[in-house]
Protein chains: 2
Amino acid sequence: MKLSTRGRYGVKAMFELALQYGQEPLSIKSISERQNISEYYLEQLFSSLRKAGLVTSIRGAQGGYVLSKPPSEITVYDILDVLEGPIEISECIEDDENCSRIEYCATRLLWIKIRDSVNQVTKSITLEDMVNDYKSMNLITNIKRGE
Amino acid sequence: MKLSTRGRYGVKAMFELALQYGQEPLSIKSISERQNISEYYLEQLFSSLRKAGLVTSIRGAQGGYVLSKPPSEITVYDILDVLEGPIEISECIEDDENCSRIEYCATRLLWIKIRDSVNQVTKSITLEDMVNDYKSMNLITNIKRGE
DNA sequence: TTTAAATCCGAGTAATTTAATATGATTTTC
DNA sequence: GAAAATCATATTAAATTACTCGGATTTAAA
């Protein structure tokens, strides 16, 4: 079980925007250079994020993207939901046709438990949390360096 | 984020063996018929499960597979680990090369949290739990039917 | 002792999804 | 007007997943 690059690249890119929040917009080009990700590919991801209302684009020269909301109001769940679609551990959860089988209920319950667990974690973490974690880690690193 | 058929079929098949635990072995053919899964494909999955020590094969006519351990000692984690490999939400967790970037620590921590959450759930659920859930659900259904 | 039912093993292929690329249009700042 | 950016859509490449196939071996039962 693994996230696709859509989700991974997307979260990283959104994290960059969170670090930049309140300042000038970030262009796709600069994000793709920092992270060594294909520019064209990132463009597709931002198209989805924009349509979902998570980022706002500023067109033209010196343009780019900014978060549509403060980092504290955007969760990892929001981002992954847009880029990876809802987490469906098994299609069995909603597909009734194949599910009139003997094992239906038992495995269905399992898939739901796994899904809920992931959703709970991703809904509980905001971009602000990630920025705070990042800053406090940097602080520790700097203190160590000073010793 | 979704489990592949390896994990889904595998858990369902292991659940069948758990229901059957203590009785005669179950053949791949009978499992594949009950669940409408390709016989050849299931065979591959059982090859992995056997090599991992989760099931024991009985060759020859009237043969099949049985669980190597009681259902209470086999977790969903054990099964998924064999069939899907360890859960790595992002390769970033162990791959150092790409991770000397600015966002390294922040997203890495996130992937670890998601992974741990899934592992915690799957390690906490045994085949016995699933059988018990299944039986109690059946009981409720039967009571309702009687009313 | 033969037959049938089963596992075992490895190779090969089809289908699907993911990832990336490309092109051209539009917008906006300088 | 030139340059820098988003926007939109189509196409291709790569990788993974799902499945199929053929034949060898083992063993219970007729």
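Chain naming here is simple, since letters A, B, ... match the order of the sequence lines and numbering starts at 1 in each.
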Using heavy-atom distances to pick each residue's nearest nucleotide on DNA chain D, tell me which of A:S47 and A:G63 is more 5'.
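Here A:G63 is the residue nearer the 5' end.
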Which comes earlier along DNA chain D counting from the 5' end, the contact point of A:Q44 or that of B:A61, where each point is its nearest nucleotide?
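It is A:Q44 whose nearest nucleotide is closer to the 5' end.
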Using a cut-off of less than 4.0 Å, is there contact between a side-chain N or O of [X] and OP1 or OP2 of [N]?
{"X": "A:Y9", "N": "C:dA20", "value": "yes"}
{"X": "B:S57", "N": "C:dA6", "value": "no"}
{"X": "A:Y40", "N": "C:dA20", "value": "no"}
{"X": "B:T5", "N": "D:dA18", "value": "yes"}
{"X": "B:R59", "N": "C:dC8", "value": "no"}
{"X": "A:S4", "N": "C:dA19", "value": "yes"}
{"X": "B:R6", "N": "D:dA18", "value": "no"}

Using only modelled atom types and a 3.5 angstrom limit, is any donor from either the side chain of B:E84 or the base of D:dT17 paired with an acceptor on the other?
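Flag unset: no donor-acceptor pair detected.
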Roughly how many Å is it from [atom1] in [X] to [atom2] in [N], rounded to a whole number?
{"X": "A:L49", "N": "D:dT6", "atom1": "CG", "atom2": "P", "answer": "13 Å"}
{"X": "A:L45", "N": "C:dA19", "atom1": "CG", "atom2": "C1'", "answer": "10 Å"}
{"X": "A:R50", "N": "C:dT26", "atom1": "CZ", "atom2": "C1'", "answer": "12 Å"}
{"X": "B:I28", "N": "C:dT7", "atom1": "CD1", "atom2": "C1'", "answer": "7 Å"}
{"X": "B:K51", "N": "C:dC8", "atom1": "NZ", "atom2": "P", "answer": "9 Å"}
{"X": "B:L83", "N": "D:dT16", "atom1": "CG", "atom2": "P", "answer": "18 Å"}
{"X": "A:I58", "N": "C:dC30", "atom1": "CD1", "atom2": "P", "answer": "13 Å"}
{"X": "B:E43", "N": "C:dA11", "atom1": "CD", "atom2": "P", "answer": "16 Å"}

Ignoring hydrogens and geometry, is there a side-chain-to-backbone donor-acceptor pair from [X] to [Y] under 3.5 Å?
{"X": "A:T126", "Y": "A:T75", "result": "no"}
{"X": "A:E43", "Y": "A:I28", "result": "no"}
{"X": "A:Q20", "Y": "A:E24", "result": "yes"}

Rounded to the nearest 0.5 Å, what's the gap from OH on A:Y41 to OG on A:S32? Could you check?
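Spacing of OH (A:Y41) from OG (A:S32) equals 14.0 Å.
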Taking the nucleotide of DNA chain C with the nearest heavy atom to each, does A:Q62 or A:S38 sit closer to the 5' end?
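Nearest-nucleotide comparison on DNA chain C picks A:S38.
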Provide the closest heavy-atom pair for B:Y21 versus B:P71 in the form atom of the first, atom of the second, distance.
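Scanning both residues, the minimum pair turns out to be CD2-CD, 3.5 Å.
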Which part of the nucleic acid, if any, lies within reach of A:Y65 when heavy atoms closer than 4.0 Å are counted: base, sugar-phosphate only, or nothing?
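Sugar-phosphate: the residue A:Y65, judged by heavy atoms under 4.0 Å, touches backbone atoms but no base.
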